[in-house]
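First up is the structure itself, then whatever we jot down about it.
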Amino acid sequence: MKIFYLFFIYFFICAYCLLAQEISFTAEDNPNDDGTGIILMWKIEEENVEKIIIERSSDGTNFIEIANPMISDEQYLDVQDIKPNIKYFYQLNLYNRNGEEIISPLQTTVFAKAEWFNSNRYPLFLMTVLLAFAIIYYIVSARKGKHLFIRRISGLETIEEAVGRATELGKPLLFVPGILDLDDMQTLAGLNILSHLAQKVAQYESTLYVPVCRSMVLSTAKEIVKESYLKAGRPDAFNPDSVFYLTDDQFGYVAGVDGIIMREKPAANFYLGAFYAESLILAETGFESGAIQIAGTAMPSQIPFFVAACDYTLIGEELFAASAYLSNEPAQLGSLKGQDVGKAIIIITFLAGIVLEMFGIHFLKEFFTMH
Amino acid sequence: MSLFQKLIHIDRRIIFILIFFGTAVPLLLVLNLPVEVTKNVKNVYKMVEETPEGSPVIISFDYDPSTKPEIQPMAVAIIQQSLRNKLKLICIALWPMGVQLCNEAFEQVLPLFPEVKYGIDYVNLGYKAGGMVTINHMAKDLPSTFPTDAGGIPIDEFPIMKGINNFSKIGFVVGLSAGDPGLKQWVMVVHDAYGRPVAGGSTAVQVPYLLPYVNEQQQLTGLVGGLKGAAEYEKLINQPGFATKGMDAQSVAHLIIILLIVIGNVGFFITKRTK
Amino acid sequence: MRRQIPLFITFFIGTIILVSEFIPHKPFGNISTTLGGWFLIISGFAIILGQLNLFKVNLTKISRKAPNWQYYIISLVCFLIMLVCGILWGTLRQPGLLYNSEGLVAFFGLKPFDYIFKYLFENLSATMFSLLAFFMASASYRAFRARNAESTLLLVAAVLVMLGRTTIGSTLTGWIPDSLTYLHLPNIANFIMEYLNTAGQRAIMICAGLGVIGSSLRIILGIERSYLGGR
Amino acid sequence: MALIMERIGIWVGAILTFAIFSFLYRDNPFYKIAEQIFIGISAGYWFIYTIYNILIPNLFTPLLTNFSANLLLLLPALLGILMLCRLIPRIDWVSRYSIALVVGTTAGLFFKRYLQSDVINQMNATMINPFSAPDLAATIGQLILIIGTVTGIIYFFFSKKHEGVFGGTARVGIFFLMISFGAAFGYTVMARISLLIGRLDFLLGDWLGIIKP
C-alpha cells in the first residue's frame with residue numbers, strides 16, 4: 001500500500017511539474033516574403049529536455065524531420081520547399097538526455113502567405129520614389145528647354161589658360177582618355193571634355209596629341225576632334241594622325257605615352273577618364289617634364305596620386321559634372337540636378353536626425369534603420 | 001643647376017635600387033618590433049570566436065595572385081581559427097583564381113587539423129561570375145547557384161551542405177577581397193538586404209573605402225586591412241606567419257618613402273624660392 | 001528592332017528587379033530569382049567572349065604582321081597550352097577528359113594546369129603588381145609636392161597614416177606616458193582613419209552612390225544608351 | 001621527381017620575376033615575353049574555369065540530365081550564344097539582346113542596393129548624438145565626422161555657386177576630402193610595399209633559401 005501511495009505522490013508531482021512547465025510551440029507565416037517561409041517559435045523551460053526535433057507534414061500524418069535546432073534558439077525559419085497557401089503541419093518532439101521522448105509531440109498548423117508589400121522596405125521605397133521623381137522631373141524640364149544652373153568646375157577654367165600657354169611656347173598638348181573602353185561612363189565624360197578642348201586648340205591653332213588604347217575609343221575620339229575643328233571653323237587644320245592607337249596592354253600603353261611626354265614635352269597634359277595603376281607613372285613623367293597637368297577620374301584609388309602630382313584634379317563626381325556642363329545634354333544635366341536634390345534631402349534628414357537624437361527622440365533613426 | 005635641382009632630377013633607377021634593398025635587408029635582419037592589435041581586427045576575431053560550434057559559415061576568396069602576399073595570410077589565419085572553433089567552412093570564389101588560392105590556403109592549414117574532412121567540415125564550391133547579382137541569387141537559391149563543388153560533384157553528396165538553401169543558416173560571411181566584386185558587394189547584399197553578419201579582410205588599398213561601413217549598424221562587423229591587419233590577426237590567434245615576418249620590412253620601406261617625400265619637397269621649396 | 005527591343009528588355013527587366021524588392025509576391029519575386037540564374041550563365045558566356053576576342057585580336061595582329069607581332073604568338077601558345085592541360089587532365093579535384101592521370105601528377109607533384117598556375121602565373125602576376133612599389137617610391141620623390149593647402153594636408157595625413165600603421169610607429173612613440181596617449185602614433189592614425197577619413201569617404205560614398213542611382217535610372221528608362229555601342 | 005619539378009618550377013618563377021623587373025631598367029624583349037606569357041596563361045585560366053565552374057554545372061549538366069525540367073535554361077543559353085556573335089562584325093548587333101538583359105539586371109539591382117547601403121545606411125550611420133560618446137576624443141571625433149560628412153557632400157553640390165557661407169562650407173569639405181585621400185595614399189603605399197615584400201620573400205626564401213620559413 002505504501003508503494004502505491006508513493007507512486008501516487010510521484011505521479012502527482014510529475015503532473016504538477018508538467019503543468020508548471022512553460023512549453024509552447026507556435027508557427028507563423030514569415031512576413032514580407034513571397035510565401036516561402038514559416039517561422040516556428042518555441043519556449044521550453046524544462047530542465048529535462050536535452051534535444052528537440054522539428055517535423056513537418058503537408059497531410060497531418062506523414063511527418064518528416066526538418067531540423068534539430070538548439071533549444072535556446074527559440075525560433076527557426078523553415079524555408080525548405082514551402083509553397084504559399086498550403087496548410088502545413090508541424091510537430092515538436094522533445095527528448096531527454098537518454099534520447100527518450102518526454103511528452104507527446106506538440107503540434108501546430110500554419111499557412112504560408114505571399115505578401116504584396118514588404119513592410120521592411122518603406123524607407124527604401126520612400127527614397128526610391130523621391131529620387132526617381134526628382135531625377136525624372138529635372139530631365140524632363142531640361143528637355144523642355146529649361147535652363148539648369150551648374151556651377152563652373154575650377155579645373156575647367158584652366159583649359160583655356162593651358163591652351164594659351166601651349167600656343168605661346170609653341171608646344172603641343174596631350175590628352176589621355178583613360179584605359180577603359182567606351183562602355184565606361186568615365187571614358188565618355190573624358191571624351192566630352194576632349195570635344196571642348198579640341199575646339200580651343202583649333203581656335204588657338206595649337207597641336208593636340210590623343211594616344212588611345214582601345215579601338216572603339218580611337219574611332220570615337222577621331223570623330224570628336226574632327227567635329228570640334230569643324231565647329232571652330234577650321235576643318236582644314238584637322239590632322240587625323242593626331243588621334244592614334246598605341247596598344248591594348250596597360251603597361252605597354254603607359255610606356256608609349258611616357259615616350260611621347262619625354263620626346264614632345266607637351267605644355268599641358270590632360271588625363272581624363274578611367275585610370276588604374278598607370279595614373280602614378282603618367283603623372284610622375286608629366287611632372288618631370290614640367291607640364292601643367294589636369295586630371296580627372298572617378299577611380300577612388302587613383303585620385304590621391306593625381307591630387308598629389310597634378311595641378312588640378314576633377315574628383316569623382318566632378319568629372320561627370322564637368323562633362324554635363326560642357327556637353328549641355330539635358331539627360332546629364334537633369335540627372336545631376338536630381339542627384340543634387342537627393343543630396344539636399346539627405347543633409348536635411350540627417351541633420352534633423354542628429355538634433356532629434358540629441359534630445360533623445362529616436363523615431364527618425366528608427367524609421368531608417370533596417371529591421 | 002643647383003645641387004638640389006640635380007638631386008631632384010636623379011635617375012629614377014637609383015630610387016628603384018634604394019627601395020629594393022631597403023625592403024630586402026630588414027627581411028634578412030629580423031627586428032621583431034611589437035605588433036599592436038586594433039579594434040577592427042579584434043572585431044573580426046571576436047565574431048569568429050562567438051559563432052556557435054558547428055555553424056556553417058561562408059568564406060569568399062575574391063582575390064588573385066597579384067594580391068596574394070596581403071590576403072593569403074589572413075585567409076590562413078581565419079581558416080585556422082574557424083577550424084579550431086569547429087565551424088563548417090563553405091568556401092566560394094567570385095574571382096576564378098580564388099579557387100586555387102583557397103586550395104593552397106587549406107593545404108597549408110590542414111596538416112594541423114588531421115580530423116578535418118572534405119565535404120563534412122569544409123567544402124570548396126568554386127567560382128561563379130556575376131558579382132553582386134550572383135550574391136543576390138545565392139540569397140534566394142543557393143543550391144541552384146552552386147549545383148556542384150569546384151570538382152563537379154553534386155552538393156547533395158556533402159553533409160555540410162545539407163539544409164543550406166540561402167543565407168538564413170549561415171553564421172557569418174567573411175569576404176577576402178581585392179576589389180570588385182568583393183567585400184562591398186557582400187555588405188550590400190548579405191548584410192544590408194538579408195541581415196546576416198559580414199566581416200572580412202581586404203587589401204590595404206581598399207581599407208579607406210570600406211571603413212564607412214564599419215559603423216554602429218555593423219554593415220561590416222570588422223575589417224582586417226592589408227599586411228598589417230594580417231599580422232595583427234596572426235598575433236590574435238597566436239600563430240605568427242608571413243605577415244608578422246614582413247612587418248619590419250614594411251616599417252623600413254615606409255620610412256624610406258616618407259624620407260623621399262620630405263627630401264623631394266624640401267628640394268621643391270628651395271628651388272621655388274631661388275626662382 | 002536593333003535598338004528598340006534591347007531598350008525595352010532593359011526597361012522591363014530593370015523595373016522588375018527594382019520592384020521585386022518591395023513586392024515579394026508572384027510574379028515579381030520569382031521572375032527576379034530566375035533572372036539571377038540566367039545572369040550567371042550569360043556572364044559565363046561574356047567571359048568566354050572576352051577570351052575568344054583576345055585570341056582573335058592577337059591572331060589578326062600576327063597575320064597582319066603588326067609591330068612586335070612575334071610576341072603575340074607567345075600569348076596564343078600559352079593560352080592553348082592552358083586550354084589543353086585543363087581539358088585533358090582537369091584542375092584540382094576537377095577531372096579532365098583523361099580523368100585524373102595519376103602518373104602525371106606523380107611526376108609534377110600537381111596537375112599540369114595547377115603546376116603552370118602555381119609556378120608561372122602566380123610569380124608573373126605578383127611581380128607585375130609589385131612593380132608599382134618602385135613607381136610609388138620614385139613618384140614620392142619626384143612628383144608628390146605640397147604645392148598648396150590641399151596637397152599639403154594630403155601628404156601630412158599620408159605620412160601620419162604610414163607611420164601609425166606600422167610597427168615602427170608604435171615603437172617610436174611607445175615611451176609616451178599614458179596621460180598623453182593620444183599622441184601615440186597608432187592612436188593618431190586610428191583617429192584619422194575612424195573619423196576624418198570616414199567623414200570624407202562617406203561624403204564621396206553618398207555622392208557616388210547617388211551618381212550610380214542616377215545612371216541606373218537613366219539606363220532603365222532608356223535615356224542612357226551608350227552600352228548599346230556608339231555614342 | 002615531384003621535388004625536382006618543384007625546384008624547376010621555383011627557378012622558372014624566379015627567372016620570370018627578373019624578366020618583369022627588367023622593365024624597371026627599360027622596356028625590353030624579356031619583359032615583353034614575360035608579359036605575353038602572363039596574358040596567355042591568364043586568358044586560358046579564365047576560359048577553363050568558366051567552362052568547368054559555370055557552364056558545365058549551371059547549364060550543360062542540368063540540360064543533359066533532365067532536359068524537360070530545365071527547358072527554360074535554353075533561353076539564357078541562346079542569349080549567351082548571341083553574346084558570342086559579337087565576334088562576327090556583320091551580326092554583332094544581335095548581342096545587344098543579351099547585353100540589354102545584363103545591363104537591365106545590373107541597373108535594377110544597383111539602384112536599390114546602392115541606395116540602401118551607400119545612401120540610406122550611411123545617412124543613418126551619421127545620425128548620432130555626438131555627446132553620447134564615452135570620452136572627449138570620441139566626442140570630438142563624432143563632431144568631426146558629422147561636420148566632415150555634411151561639408152563633403154556640400155562640396156559635391158553642383159547646382160549652387162561656391163561663394164559666401166556656402167563656398168566656405170565647401171572649402172571645409174575639400175579639406176576633409178584631402179585628408180581622406182591622404183589616408184588612401186598612405187594605405188596604397190602600404191599595399192604596394194606588401195606586394196614587394198611578397199616578391200622578396202619568394203626570391204630570398206623559396207628561391208635562394210636565405211630566409212628560413
Side chain, backbone, both or neither: which part of [X] has a heavy atom under 4.5 Å from chain C?
{"X": "D/Ser194", "result": "neither"}
{"X": "D/Leu55", "result": "side chain"}
{"X": "D/Ile144", "result": "both"}
{"X": "D/Thr17", "result": "both"}
{"X": "D/Ile8", "result": "both"}
{"X": "D/Tyr49", "result": "side chain"}
{"X": "D/Ala138", "result": "both"}
{"X": "D/Ala19", "result": "neither"}
{"X": "D/Tyr31", "result": "side chain"}
{"X": "D/Thr126", "result": "both"}
{"X": "D/Leu145", "result": "both"}
{"X": "D/Phe157", "result": "neither"}
{"X": "D/Met83", "result": "both"}
{"X": "D/Phe202", "result": "side chain"}

Which atoms of [X] come close to chain D, meaning under 4.5 Å heavy atom to heavy atom: side chain ones, backbone ones, both, or neither?
{"X": "C/Ile206", "answer": "both"}
{"X": "C/Phe113", "answer": "side chain"}
{"X": "C/Ile47", "answer": "side chain"}
{"X": "C/Met136", "answer": "side chain"}
{"X": "C/Leu54", "answer": "side chain"}
{"X": "C/Phe8", "answer": "neither"}
{"X": "C/Phe144", "answer": "side chain"}
{"X": "C/Phe135", "answer": "side chain"}
{"X": "C/Tyr71", "answer": "both"}
{"X": "C/Thr34", "answer": "side chain"}
{"X": "C/Leu221", "answer": "neither"}

Test item: [X] side-chain N/O and [Y] main-chain N/O as donor-acceptor pair under 3.5 Å:
{"X": "D/Tyr187", "Y": "C/Met162", "answer": "no"}
{"X": "C/Lys56", "Y": "D/Leu87", "answer": "yes"}
{"X": "D/Lys112", "Y": "C/Ile17", "answer": "yes"}
{"X": "D/Tyr52", "Y": "C/Gly96", "answer": "no"}

So which of [options] has the biggest tally of heavy-atom pairs under 4.5 Å with chain D?
{"options": "C/Tyr115, C/Tyr182, C/Phe129, C/Phe191", "result": "C/Tyr115"}
{"options": "C/Val161, C/Leu83, C/Leu110, C/Ile219", "result": "C/Leu83"}
{"options": "C/Ile16, C/Leu52, C/Val19", "result": "C/Leu52"}
{"options": "C/Ser32, C/Ala158, C/Gly14, C/Ser43", "result": "C/Ala158"}

What is the minimum heavy-atom distance between [X] and [Y], and which atoms define it?
{"X": "D/Ala2", "Y": "C/Ala106", "answer": "CB-O, 3.7 Å"}
{"X": "C/Asn197", "Y": "D/Ala183", "answer": "OD1-CB, 3.9 Å"}
{"X": "C/Ala157", "Y": "D/Ile179", "answer": "CB-O, 3.8 Å"}

Distance-only donor-acceptor check, side chains D/Arg199 and C/Ser130, under 3.5 Å: no
Is any side-chain heavy atom of C/Ile213 closer than 4.5 Å to a side-chain heavy atom of D/Val119? yes
Show the numbers, then the answer: is there a salt bridge (charged side-chain N to carboxylate O under 4.0 Å, His left out) between C/Glu150 and D/Arg171? CA-CA 10 Å; C/Glu150 281 96 343; D/Arg171 182 99 185 121; 2.9 Å; yes
What residue in [options] has the most heavy-atom pairs under 4.5 Å with chain C?
{"options": "D/Phe176, D/Phe38, D/Phe110, D/Phe175", "value": "D/Phe38"}
{"options": "D/Ala107, D/Gly148, D/Gly152", "value": "D/Ala107"}
{"options": "D/Gly173, D/Gly198, D/Pro29", "value": "D/Pro29"}
{"options": "D/Val189, D/Val12, D/Ile193, D/Ile39", "value": "D/Val189"}

Distance col, row D/Trp207:CH2 vs C/Asn123:CG, nearest 0.5 angstrom, shows 11.5 Å
Does this structure show an ion pair linking D/Arg113 with C/Glu21, if we count only N-O contacts that are shorter than 4.0 Å? yes
